[in-house]
Each structure stands twice: as structure tokens, then as C-alpha cells.
Amino acid sequence: MDVFDAIFGRRSIRDYENDEIPESVIYKAIDAARHAPSAGNFQPWEFIIVRDAEIKKKLYSAAFSQSQILSAPVVIVVCADVMRSAYYGIRGTNLYAIQDTAAAIQNMLLAFYAMGYGTCWVGAFSEQAVKDCLNLPSEVRPVAIITVGKPRGKADKRELRNIEEIVHFDLWGNKSSEFFKHS
Ligand SMILES: Cc1cc2nc3c(=O)[nH]c(=O)nc-3n(C[C@H](O)[C@H](O)[C@H](O)COP(=O)(O)O)c2cc1C
């Protein structure tokens, strides 16, 4: 599968078969993740693999009862160790560390898709509840809970904004206000 097949084919999947996921598959996806760009090459990401049913239940509660967390055979909590980016001050800890980790997550989603697995990026959760559940130190921020498994069923219909609407060539001066409409 080439990179465009993966980018255009990947969809969020929220229901999974029970099948276990081989560790080699998990390692390959995380290998893809760690090849993402990061500010200053500080690589602030950390990956916590959850297969234990009790921990999944706690993450499910922390994420406002989103059922894909219970359905998935593997859940990966992707964290940013923000002090790794402290060289860049507040911009490093508040922005770069999160951006770097998000780039790693996208690589990981594409890699799982290329290997025949479905994923869902879960961002709606209580950060404190996830930290408590995994005993994370204060400087390690959970950025996303990624659910992974063999897809059961198809993804929902998805609308994409038109490319003409989102691309802005030579945008400058007072032309800008007419471009950004929020609805
Ligand atoms: C930062 C972020 C947070 C998200 N949080 C959730 C979430 O909490 N629950 C969920 O079901 N999907 C979540 N998603 C997945 C989006 O709903 C999904 O990517 C979007 O609807 C587009 O669909 P697609 O992934 O199939 O292209 C999140 C995605 C991102 C990037």
C-alpha cells in the first residue's frame, strides 16, 4: 500500500473483532510513530499499551463512556512528556510537544491501517482521570487514547471540506477577512 492509499483509505473505526493483536504489529505501528518529525528532534512522545480489562474500564469512564475503548482489544494512550521540549520554553512545552505527539499519532494510525487494523483517535476524556488511572507524573500529558482492532463493520459517512475552500494562494492584506468563514 502506498502512502496515498493509506491517507485516503483510513477512517475512524469504533467497533472491533475480539482478535488479539500480535506484538509485532504494535511495535511496527510505534516504529512508524517514532519516525514523525519533532521540534528539535526532542521526540517527547510515550506510548502506553493497555490490554488489561480493568484498566480499559477506567479509561472508558475517563472518556465519558465511549464504547470503542471497551470494544478494542488494544488501547494505546499516547502521551507527551512535555519537559523534553522545554528547551523551547513555553512554546516547546505547550505547543511543540503536543504537535510532535499528534504527528506521531497520525503516523501510527496510517501504519495500523496499512496492516489491516482499524483505529479511533479518542480525544474527549478527563485528562486528570487518565493521569490518575495510569499514575502519570504531572509533566506527562495524555494527548490521545487510540483504540485498535480488526474492524467490525464500516465507518460512518464523512463529509470533507472542498479543497478550493481551504486553499488560499497569495493571501495578504485586507483580502484575508473574506476567506475565513466559520460555517
Ligand atoms: C483531536 C481529535 C480528537 C478526537 N476525539 C474523538 C473522540 O473523543 N471520540 C471519537 O469517537 N472520535 C474522535 N475523533 C475522531 C474524529 O471524530 C474523526 O477523525 C472525524 O470524524 C473524521 O473521521 P475519519 O477519522 O473517519 O476521517 C477525534 C479526532 C481527533 C483528531
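Both ligands and their constituent atoms are indexed starting at 1 by order of listing. Everything numeric in this text was worked out from a predicted model, so none of it was measured.
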| Non-hydrogen side-chain atoms of Arg14 and Asp156 separated by less than 4.5 Å | yes
| request: May I ask you to check whether Phe64 and Phe125 place their ring centres under 6.0 Å from each other? | output: no
| query | Hey, is atom 2 (C) of ligand 1 under 4.0 Å from any protein heavy atom? | reply | yes
| query | Do Cys120 and ligand 1 have an N or O pair less than 3.5 Å apart? | reply | no
| said: Test side chain to side chain contact (heavy atoms under 4.5 Å, CB included) on Tyr113 and Thr119; report intermediate values, then the result. | reply: CA-CA 8 Å; Tyr113 176 76; Thr119 55; over 6 Å; no
| Against heavy atoms of Arg11, which atoms of ligand 1 measure under 4.0 Å? | 24 (P), 26 (O), 27 (O)
| said: Can you confirm whether Arg152 is buried at CZ, in the sense that more than 12 heavy atoms of other residues, nucleotides or ligands lie under 6.0 Å from that atom? | reply: yes
| Nitrogen or oxygen atoms of Val122 and ligand 1 under 3.5 Å apart | no
| task | Write out the residue and atom name of the closest protein heavy atom to atom 18 (C) of ligand 1, then the distance separating them to 0.1 Å. | result | Ser12 OG, 3.5 Å
| field | Nearest-neighbour protein heavy atom for atom 11 (O) of ligand 1, which is reported as residue plus atom name and distance | value | Arg14 NE, 2.7 Å
| field | Proximal candidate to atom 7 (C) of ligand 1 [heavy atom criterion; set Glu159, Gln106, Gln66, Gln68] | value | Gln66
| query | Is it true that a side-chain atom of Tyr16 and a backbone atom of Ile13 form a donor plus acceptor pair closer than 3.5 Å? | reply | yes
| remark: Interatomic distance, CZ@Arg51 vs CD@Glu23, rounded to 0.5 Å, equals 5.0 Å
| So which protein heavy atom does atom 14 (N) of ligand 1 come closest to, and at what separation? | Trp121 O, 2.8 Å
| Residue, atom name and distance, where the atom is the protein heavy atom closest to atom 5 (N) of ligand 1 | Gly123 N, 2.9 Å
| Can you tell which part of Arg158 has a heavy atom less than 4.0 Å from ligand 1: side chain, backbone, both or neither? | side chain
| Asn107 CG to Trp45 CH2 distance, which is reported to the nearest 0.5 Å | 8.0 Å
| query | Within less than 4.0 angstrom of ligand 1, does Ala155 place any heavy atom? | reply | no
